[in-house]
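Here the structure comes first, spelled out in structure tokens, and everything after it is commentary.
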Amino acid sequence: MVVPGATIDNLLRENERHPPPEWFRRHASWRDDRVYVAAAEDPDAFWAKQAERLHWFRRWDRVLDWDPPFARWFVGGKINASYNCLDRHVRSNRRHKAALVWEGEPGETQTLTYDRLWREVMRFANVLKALGVKPGDRVTMYMPMIPELPIAILACARIGAIHSVIFGGFSAKSIRDRVEDADSAVIVTADAGYRRGNLVPLKRTVDEAIADVPIVKHVVVYRRANVDVPMHAARDVWWHEAMAMADAWCDPEPMDATDPLFILYTSGTTGKPKGVVHGTGGYLVGVATTAKHVFDLRDEDLFWCTADIGWVTGHSYVVYGPLANGATVFMYEGAPDHPQPDRWWSIIERHGITILYTAPTAIRAFMRAGDEWPAKHDLASLRLLGTVGEPINPEAWRWYHRAIGGGRCPVVDTWWQTETGMILITPLPGLTTLKPGSATRPFPGVSAAIVDDAGNPVPPNKGGSLVITRPWPAMLQTLYGDPERYTQVYWSRVPGRYFTGDGARVDEDGYFWLMGRIDDVINCAGHRIGTMELESALVSHPKVAEAAVVGRPHEVKGQVCVAYVVLKRGEEASEFLEANLKDHVRREIGAIATPEDVYICDRLPKTRSGKIMRRVMRALVSGQDIGDTTTLEDPGAVEEVRRWLATVEGRDA
Ligand code: PRX
């Protein structure tokens with residue numbers, strides 16, 4: 001668990017209170033507690049009222065059909081997500097307002113008005129149609145953080161195609177698995193993207209991924225970095241050439257509210273990534289409502305969610321949520337510390353960012369880089385800060401509040417997941433009194449509880465599993481092609497409740513304190529990595545017989561992955577092989593999953609029934625008491641891990 005340990009720090013945290021500043025509260029979109037009461041009395045009516053802020057080609061017949069564990073929101077409604085993010089604003093006085101303000105890593109900037117974005121999206125929608133993409137077809141994107149990514153996403157939404165965005169840090173093998181699972185015939189990519197002054201060879205990685213994947217018929221390549229890439233005749237097309245030939249006008253497809261909008265793959269507790277499927281109407285209502293009220297979004301804001309669009313945070317709060325509100329979104333292509341650790345602060349100053357939404361791991365990295373970097377810049381345009389991705393430790397919270405927010409900006413600590421699609425537990429900045437480290441309360445219309453292993457509610461301040469007790473509009477619809485796994489993973493642990501996989505407690509004021517994952521998922525630098533996924537990558541190496549991966553607490557990244565590996569008979573351990581295994585994981589999954597340490601050992605701590613005791617290993621690498629080991633088959637294995645830890649500590653020192 002990624003819980004800050006020191007008791008004194010915990011005590012300080014418990015007593016600290018930050019009521020909304022009066023200047024913020026006075027103008028906030030929601031500043032009356034009754035919003036919670038009204039939503040709790042009749043959640044369906046509450047969500048229906050929120051849905052009225054969107055444009056429907058046909059109004060829904062029923063707000064929610066709940067046939068556990070499958071929820072259908074706004075049944076009978078017809079809607080188009082791109083229409084709501086574009087046309088609606090183009091038909092208003094927002095037509096020539098900036099929709100996207102973008103800065104590339106090398107420093108160039110670009111502003112796209114709603115009118116311009118709309119035209120680009122229509123044209124690219126026609127490109128996709130010309131490549132044979134039809135409603136319900138899957139289109140994969142493997143792109144840098146450039147405006148063409150939201151353009152491609154909204155173009156899919158416009159024609160009713162289902163997008164599957166793959167984060168640009170994933171390996172060829174990961175792309176291939178996802179493309180095959182989604183059965184996607186078209187991929188959109190770029191020649192390369194900029195990252196910390198280097199070029200990330202996206203097209204080359206796609207080529208490697210699909211070399212023998214015949215289902216892929218076309219690859220559209222955007223020229224971002226002007227590097228030479230091989231183009232396969234008949235399969236590959238240049239973005240600019242296809243756009244030049246495409247028609248300018250494309251009507252939006254009226255979709256059923258319950259039609260899928262996108263698939264996004266995420267890690268679970270087994271080796272195979274899960275294709276989380278989100279619907280159209282409910283998802284849009286959920287992200288539009290939370291974007292509006294959690295961030296108190298207004299027309300004059302410049303909203304910067306720093307997440308890559310390859311993650312759910314980017315889908316919901318770079319693209320759909322803010323654009324559905326007609327907001328102006330800021331997007332940055334590159335690394336936070338390039339060319340210097342003040343890149344973000346310089347961006348805030350130069351562009352006049354008003355709302356910053358980022359991850360605790362980034363905050364901790366900046367905190368470490370030192371106060372002098374933000375101090376060089378005037379950050380007075382900021383009025384609200386947000387965090388997401390993992391629990392924020394009070395020290396990082398206070399630094400963010402003081403050094404970035406100048407002590408004046410509320411900090412919204414938002415809890416949610418790929419599966420939830422929208423923020424579920426969060427402060428409302430105009431009315432919630434903040435306690436650093438707590439995500440505070442469920443959003444209006446959302447019901448959560450903490451339960452014990454038997455599924456019974458636990459008393460205040462007692463830890464347990466976080467469950468969501470009622471469907472919410474942006475709830476995942478299923479796992480792509482695998483409804484049984486959907487039912488089993490999320491709805492079987494506590495019958496009738498959505499099982500989040502997170503541990504938490506609720507304090508005497510009803511505030512939620514998240515305590516990290518309780519399953520075999522590691523949260524490394526805000527990225528979710530399944531231990532099983534890493535383990536199967538490791539055992540796919542010809543020299544490896546067995547592997548176990550656990551998370552170890554890390555000051556900046558929250559957690560890092562540590563791998564224990566047993567070699568096949570006759571194989572020799574060496575530092576070279578350790579490095580080779582790290583490389584192997586990087587190639588199999590991607591750089592984000594690379595283990596920090598690989599430990600080659602003779603045996604793993606196991607139960608008598610042969611299950612690897614991750615609890616014991618986690619405790620060992622975290623320096624905690626290993627607790628009850630009476631079920632261990634071979635206590636000698638624990639000793640071996642201990643000895644190894646002693647050597648590693650020696651090596652680091
Ligand atoms: O453990 C929780 C943690 O991130 C997990 C979800 O990861 P992912 O699906 O990649 O989505 C991340 C962005 C929405 C959760 O199960 N998490 C996310 N936000 C918080 C958090 N833990 C504590 N506090 C948060 N604010």
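Atoms within a ligand are numbered from 1 in the order they appear, just like the ligands themselves.
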Of the protein's non-hydrogen atoms, which lies at the shortest distance from atom 6 (C) of ligand 1, and what is that distance?
Trp416 O, 3.7 Å
Heavy-atom nearest neighbour in the protein, as seen from atom 2 (C) of ligand 1, with distance rounded to 0.1 Å
Asp502 OD2, 2.9 Å
Using modelled atom types and a 3.5 Å cut-off, is there a donor and acceptor pairing between side-chain atoms of His163 and backbone atoms of Val165?
no
Of all the atoms in ligand 1, which lie at a distance below 4.0 Å from a heavy atom belonging to Leu514?
23 (C)
pair Lys274-Glu419: side-chain heavy atoms closer than 4.5 Å:
yes
Considering only heavy atoms from C-beta outward, does the side chain of Thr280 approach that of Thr258 to under 4.5 Å?
no
Any Ala439 heavy atom less than 4.0 Å from ligand 1
no
Look at Arg517 together with Asp502 and state whether they make a salt bridge at an N to O cut-off of under 4.0 Å.
yes
In terms of its nearest heavy atom to atom 25 (C) of ligand 1, the top option of His527, His315, Glu390 is Glu390
Among all protein non-hydrogen atoms, which one is nearest to atom 4 (O) of ligand 1, and what is the separation to 0.1 Å?
Gly389 O, 3.2 Å
Does an N or O from Thr266, backbone or side chain, lie closer than 3.5 Å to an N or O of ligand 1?
no
Below a 4.0 angstrom heavy-atom separation, can you tell me which part of Thr418, side chain or backbone, both or neither, approaches ligand 1?
both
Number the atoms of ligand 1 from 1 as they appear, then name those within less than 4.0 Å of a heavy atom of Asn523, with their elements.
3 (C), 4 (O)
Proximity flag Pro391 to ligand 1, non-hydrogen atoms under 4.0 Å:
yes
To which protein heavy atom is atom 13 (C) of ligand 1 closest, and what is the distance rounded to 0.1 Å?
Thr313 OG1, 3.3 Å
Identify whether the distance between the nearest side-chain nitrogen and carboxylate oxygen of Asp507 and Lys435 falls below 4.0 Å.
yes
So which protein heavy atom does atom 10 (O) of ligand 1 come closest to, and at what separation?
Arg528 CD, 3.4 Å
In Å, rounded to the nearest 0.5 Å, how long is the span from CH2 of Trp311 to NE2 of His527?
5.0 Å
Strictly distance-based, threshold 3.5 Å: is any side-chain N or O of Arg552 a donor or acceptor partner for the main-chain N or O of Cys561?
no
Centre of Phe512's six-membered ring, under 6.0 Å away, within 45 degrees of the axis: is that where NZ or CZ of Arg505 sits?
no
Location of contacts on Arg517 toward ligand 1, heavy atoms closer than 4.0 Å:
side chain
For Thr414, the atoms of ligand 1 under 4.0 Å from one of its heavy atoms are 19 (N), 20 (C), 25 (C), 26 (N)
Non-hydrogen side-chain atoms of Phe499 and Ser465 separated by less than 4.5 Å:
yes
Heavy atom under 4.0 Å from ligand 1: found in Thr420's side chain, backbone, both, or neither?
neither
Ionic contact status for Arg383 with Asp301, cut-off 4.0 Å:
yes
Using a 4.0 Å heavy-atom cut-off, which part of Gln417 comes near ligand 1: side chain, backbone, both, or neither?
both
